[in-house]
Visitor: 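The structure that follows is given in the form of structure tokens.
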Amino acid sequence: MKAKQSASTVRGHMVRLAVIVNLLLAAGFGPAAAAEEQVPPVRIVAFGDSLTAGYRLAPGEAFPAQLAEALKAKGVAAEIANAGVSGDTTAAGLGRLDWAIPEGTDAVIVELGANDALRGIDPDETRRNLDAILSRLKARNIDVLLAGMAAPKNWGEVYEARFATIFSDLAAKHDVLLYPFFLDGVALDAKLNLEDGLHPTGAGVSVIVTHILPEVERLIDRVEARRAASSKS
């Protein structure tokens, strides 16, 4: 008799457990629901010239790769695509923009202008090209971090001053984030640059990533805020 009561009690517990499990599944607490709630990584394209591409560096030393590792270390789910092309001016970047930034891109880090300055291209042309790039990205609802650049002093003070205002003016016009100088902490430091004095070493890129990381996190915050607003509408 006791054995029968014990078996009955076990069956009763199992029935109650099954009911609870079914209720949890119905309420959306099952494995499928968990998978649906998983937030997709933020997809970022690093769009620039040789400073982005990683001139003479191993793939893992390039800016996009090191940035991805830095974000991963902070627990941030992000994918960073390397869309850097050595030698690109702002005109060349504008020319390849539409196919270089694929559908599904959440944000872009725009790093262009260094080659314009090195070649002495009219700052008005550089401004027009970057303005067009930012306009197209905004039309696609893509968040942007604009990385600024400084002109070399050999073109004179007037050229340098005209070039210097481009990035801050456009960041304000398009309401995008601005990192004033991409090579901050690295430019002119022989220990952090290759023999040409223009391109950072892997260690130099690490310094760039450390300095720019807070702005990239702000960029990701913008993407997540936009996603949240979109999900509510």
Visitor: Which pair of heavy atoms, one from Ala171 and one from Leu146, lies closest together, and at what distance?
Guide: N-CD2, 4.3 Å

Visitor: Ion pair present between Arg56 and Asp196, side-chain N to carboxylate O less than 4.0 angstrom?
Guide: no

Visitor: What I'd like to find out is whether the side chain of Ile44 reaches to under 4.5 Å of the side chain of Glu79, using heavy atoms alone.
Guide: no

Visitor: Taking atom types as modelled and ignoring hydrogens, do the side chains of Thr90 and Arg127 form a donor-acceptor contact shorter than 3.5 angstrom?
Guide: no

Visitor: Less than 4.5 Å apart, any side-chain heavy atom of Trp155 and any of Arg119?
Guide: no

Visitor: Check Gly87 against Asn115 and note the closest heavy-atom contact, atom names and distance.
Guide: C-ND2, 3.3 Å

Visitor: How would you list, by chain and number, every residue that makes a ring-ring contact (aromatic ring centres under 6.0 Å, His included) with Phe167, sequence neighbours excluded?
Guide: Phe163

Visitor: Whether the side chain of Ser135 engages the backbone of Asp131 through a donor-acceptor N/O pair (distance < 3.5 Å, no angle test) should be reported.
Guide: yes

Visitor: Does the pair Val216 and Leu67 meet the rule for a side-chain contact (heavy atoms from CB on, under 4.5 Å), with working shown?
Guide: CA-CA 9 Å; Val216 176; Leu67 178 59; 4.1 Å; yes

Visitor: Between Gly84 and Asn82, what is the shortest heavy-atom contact and its length?
Guide: N-OD1, 3.0 Å

Visitor: Do you know the tightest heavy-atom contact between His211 and Gly185?
Guide: CE1-CA, 4.0 Å

Visitor: Any donor and acceptor pair, going by atom type alone, linking the side chain of Thr89 with main-chain N or O of Ala92 inside 3.5 Å?
Guide: yes

Visitor: Is there a side-chain contact between Ile166 and Pro123 in this structure, where contact means two heavy atoms from C-beta onward sitting under 4.5 Å apart?
Guide: yes

Visitor: With a 4.5 Å cut-off on side-chain heavy atoms, are Leu51 and Met149 touching?
Guide: yes

Visitor: Is there a side-chain contact between Phe47 and Glu111 in this structure, where contact means two heavy atoms from C-beta onward sitting under 4.5 Å apart?
Guide: no

Visitor: Check whether Val85 and Leu130 end up in the same hydrophobic cluster, where Ile, Leu, Val, Met, Phe, Trp and Tyr are linked by side-chain heavy atoms less than 4.5 Å apart.
Guide: no

Visitor: Hydrophobic clusters here meaning ILVMFWY residues chained together by side-chain heavy-atom distances under 4.5 Å, can you tell me if Phe182 and Leu71 are in one?
Guide: yes

Visitor: Can you tell me how far CG of Asp169 sits from NE2 of His174, rounded to the nearest 0.5 angstrom?
Guide: 10.5 Å

Visitor: Check step by step if side-chain contact (heavy atoms from CB on, under 4.5 Å) holds for Leu97 and Leu137.
Guide: CA-CA 9 Å; Leu97 178 69; Leu137 292 174; 4.1 Å; yes

Visitor: Would Leu57 end up clustered with Leu198 when hydrophobic side chains under 4.5 Å apart are linked, directly or stepwise?
Guide: no

Visitor: Would you confirm whether Gln66, through its side chain, and Gly202, through its main-chain N or O, come within 3.5 Å as a donor-acceptor pair?
Guide: yes

Visitor: Are Ile133 and Ile121 connected in a single hydrophobic cluster, I mean Ile/Leu/Val/Met/Phe/Trp/Tyr linked by side-chain heavy atoms less than 4.5 Å apart?
Guide: no

Visitor: Answer yes or no: is there a donor N or O on one side and an acceptor on the other, between the side chain of Arg222 and the main chain of Ala107, under 3.5 Å?
Guide: no

Visitor: Starting at OG1 of Thr126, measure out to CG of Asp116 and round the result to the nearest 0.5 Å.
Guide: 3.5 Å

Visitor: How long is the straight-line distance from CD of Glu215 back to CG of Asp221, given to the nearest 0.5 Å?
Guide: 10.5 Å

Visitor: Can you measure from CG (Leu134) to CG (Asp175) and round to the nearest 0.5 angstrom?
Guide: 11.0 Å

Visitor: Looking only at atom types and distance, does a side-chain atom of Asn193 sit under 3.5 Å from a main-chain N or O of Thr201, one as donor and one as acceptor?
Guide: no

Visitor: Taking side chain as C-beta onward, heavy atoms only, is Lys74 less than 4.5 Å from Leu213?
Guide: yes

Visitor: Between atom CG of Leu145 and atom CD1 of Ile109, what is the distance when rounded to the nearest 0.5 Å?
Guide: 5.5 Å

Visitor: Under a 4.0 Å threshold between the charged nitrogen and the carboxylate oxygen, would Glu125 count as salt-bridged to Arg128?
Guide: no

Visitor: Run Ile142 and Asp106 through side-chain contact (heavy atoms from CB on, under 4.5 Å) and show every step you take.
Guide: CA-CA 5 Å; Ile142 294 174; Asp106 295 306; over 6 Å; no

Visitor: Are Leu170 and Leu177 connected, step by step, through hydrophobic side chains (Ile, Leu, Val, Met, Phe, Trp, Tyr) whose heavy atoms are closer than 4.5 Å?
Guide: yes

Visitor: Is there a side-chain contact between Asp122 and Arg162 (heavy atoms, below 4.5 Å)?
Guide: yes

Visitor: How does the hydrophobic cluster around Tyr55 look, that is, which other residues are in it when side-chain heavy atoms under 4.5 Å mark a link?
Guide: Leu194

Visitor: Tell me the closest heavy-atom pair linking Pro102 and Val45, and the distance in Å.
Guide: CD-CG2, 4.1 Å

Visitor: How far apart are the closest heavy atoms of Val42 and Arg227, and which atoms are they?
Guide: CA-NH2, 3.8 Å

Visitor: Atom CG of Leu112 and atom CG of Asn129: how far apart are they, to the nearest 0.5 Å?
Guide: 9.5 Å

Visitor: List the steps and the verdict of side-chain contact (heavy atoms from CB on, under 4.5 Å) for Ile208 and Leu183.
Guide: CA-CA 6 Å; Ile208 293 172; Leu183 294 175; 3.9 Å; yes

Visitor: Carefully, step by step, assess Thr105 and Arg140 under the rule side-chain hydrogen bond (donor to acceptor under 3.5 Å, both in side chains).
Guide: CA-CA 9 Å; Thr105 297; Arg140 293 176 58 182; 5.2 Å; no

Visitor: Is any side-chain heavy atom of Phe63 less than 4.5 Å from a side-chain heavy atom of Ile212?
Guide: yes

